[in-house]
Amino acid sequence: MPAYKRIATEEAWSTPEVLKGYEKVLSTKPASWDPGFLSLWGHYLHSPSQRALDLRRRIVDLGAERIADMDASGIDMQLLMLSAPGVQVFDAGTAVSLSVETNNQVAEAIRKHPTRYCGLAAFAPQDPKAAAKELERAVKKLGLKGGLVNSHTMGEYLDDEKFWEIFEAAESLDVPIYIHPQAPPPAMIGPYLPRGLDGAVFGFAAETGLHAMRMVFGGVFDRFPKLKIVLGHLGEGLPFWHFRLDYMHAAIVRSKRYPGAGPLKRKPSDYLKENFWYTTSGMQWQPAILFCQQVLGMERVMYAMDYPYQFAPEEVKVTDDLPISDADKKKLYQGNAEELFGI
Ligand code: 1DF
Ligand code: MN
C-alpha cells in the first residue's frame, strides 16, 4: 500500500442527454460550422472502432464499471468534469439548462460515492450572468470544487471582458477554474485537420495554451489577482516557454507593437507560476513531469489520468516510480489536489 491516496484530477464523464445534443448538432449544422467538433464527436459517436465503442460505454457510466476501472488502476478518487466541449456548442438556453442538469447529476453520483468522486461544475459561457450564478450554486449548494470550461466557446475566449463576471464569481468563491482543451475553433483548425493534428495529439494543446496566454497578455490576472486556473497536459506546453514569453512580451511592450498587448504588473511567467496549477493528464513521462516540478514548484503539479480517453493503468507505475521523495509523491497524488480543490 502506498503512503498516499491517488486522486486523478482530469477525469471525463458525460450524459446521454448531452450526447443526444451532440448528435443533433452533427445532423443539423453544416460540416463547416465547427470542423473540430465534427472531427471529435463525429468520430467518437459514430466510429465502429474498439476505442470509440469503449469510450461511448465508459463516458456515461458513473457506476460499477468506472469504480472497477479505478480499483484496477489504483485510483482512489476521480475529480469529474463534463467531457469536452461540454455545453459550449449549444445555444445559450440549452447550454444553461444542460449545465444545471449535469451538475445535479454529478452531485448525485458524488453523494452515492463520496470517497470515490468529487467534481467540477459545468457552466455556459454563452450566458455569462447565468454561468456565474450556476458556478455559485454548484459550489455552495452541490459541493462541487470549482468550475470547468472546455476552452473556446464558439471561437470566443475568456479574456474578453464580457465573460469576466465568471472570474468575479470564481475569485469570490475562492475556487479554481479548470481550462480543459477542446478542438481548435473554425478560424484556427484548417491546417491541423489534413494530418490528424486537431485533437488530443497536438491541436488541443495549441488551442488551450493559446487560451491561457490570451488571458495572461489580456491582463485578466491584474484585474483578478487571486484567480486560480488549472491546466491539464502539464500546462499544454507552456512551462517550456517561460523564458521566451517573458523576453518577447517585454519587447512587444517596449515597442508598443499591439494595442491589445500592453504592460502588465508581473512577468508572463509570474502569472503562469502564481495563478496557475497543472495536472499530468496524458503526460505520464518522467522527464516532462520532473521539468514541470522544477520550473513550477512541487506544490503546483497534480496527478491526472484522463479517464476514459487515456485509461492506461500501467501509466500509474510511471508516476509511482518518479525519482522524488515519498513526501513529494504525496503532494503530486494527493496533497496538492486536496489543498487546491478543498477535497
Ligand atoms: C481526447 C483526449 C478527448 C482528451 C477528450 O475529450 C479529452 C481524445 C473529448 O483523445 O480524443 O479530454 N484529453 O484531455 O486528452
Ligand atoms: Mn481530458
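Note that the structure is a prediction, hence the values are computed from the model and not measured. Here, residue 1 is the first one in the sequence, and each next residue gets the next number. Each ligand, and each atom within it, is numbered from 1 in the order the structure gives. Quick note: numbers below take in every heavy atom, side chains included, and nothing from hydrogens, waters or symmetry partners.
By the 4.5 Å heavy-atom criterion applied to side chains, His233 and Thr280 are not counted as neighbours. At a threshold of 4.5 Å between non-hydrogen side-chain atoms, the residues Met215 and Phe167 count as touching. Using a 4.5 Å heavy-atom threshold, the side chains of Asp174 and Lys228 count as touching. In this structure, Pro176 and Phe341 have side chains that are in contact, with non-hydrogen atoms separated by less than 4.5 Å. Contact check for Ser151 versus Pro181: no side-chain heavy atoms found under the 4.5 Å cut-off.
To the nearest 0.5 Å, atoms CG (Leu120) and CD (Glu11) are separated by 11.0 Å. The structure places CD of Gln88 at 4.0 Å from OG1 of Thr153, a figure rounded to the nearest 0.5 Å.
Residue Glu10 touches ligand 1 through its side chain alone, judged by heavy-atom distances below 4.0 Å.
Here is the list of ligand 1 atoms found below 4.0 Å of a heavy atom in Tyr44: 8 (C), 10 (O), 11 (O). Numbered from 1 in the order shown, with element, the atoms of ligand 1 that lie under 4.0 Å from a heavy atom of Ala200 read 1 (C), 2 (C), 8 (C), 10 (O), 15 (O). Residue Leu40 approaches ligand 1 through these ligand atoms, each under 4.0 Å from one of its heavy atoms: 9 (C), 11 (O).
The shell of residues lying under 4.0 angstrom from ligand 1, judged by heavy atoms, includes Ala84. Residue contact annotation: His180 has a non-hydrogen atom under 4.0 Å from ligand 1. At least one heavy atom of Ser83 sits less than 4.0 Å from an atom of ligand 1.
Between Phe90 and Tyr22, the gap from one ring centroid to the other is short of 6.0 Å.
Judged by the 6.0 Å distance and 45° axis criteria, Arg300 is not positioned over the aromatic ring of Tyr278.
Note on His180: its N/O/S atom closest to the Mn ion (ligand 2) is NE2.
Rounded to 10 degrees, the OD1-metal-OE2 angle spanning Asp306 and Glu10 at the Mn ion (ligand 2) equals 90°.
Closest heavy-atom approach to atom 10 (O) of ligand 1 within the set His233, Met283, Arg51: this belongs to Arg51.
Taking 2.8 Å as the criterion, His233 does not count as a coordinating residue of the Mn ion (ligand 2), since none of its N, O or S atoms falls below it.
Here the protein heavy atom with the shortest distance to atom 9 (C) of ligand 1 is Tyr309 OH, 3.2 Å. Remark: minimum distance from atom 4 (C) of ligand 1 to any protein heavy atom is reached at Asp306 OD2, 3.6 Å.
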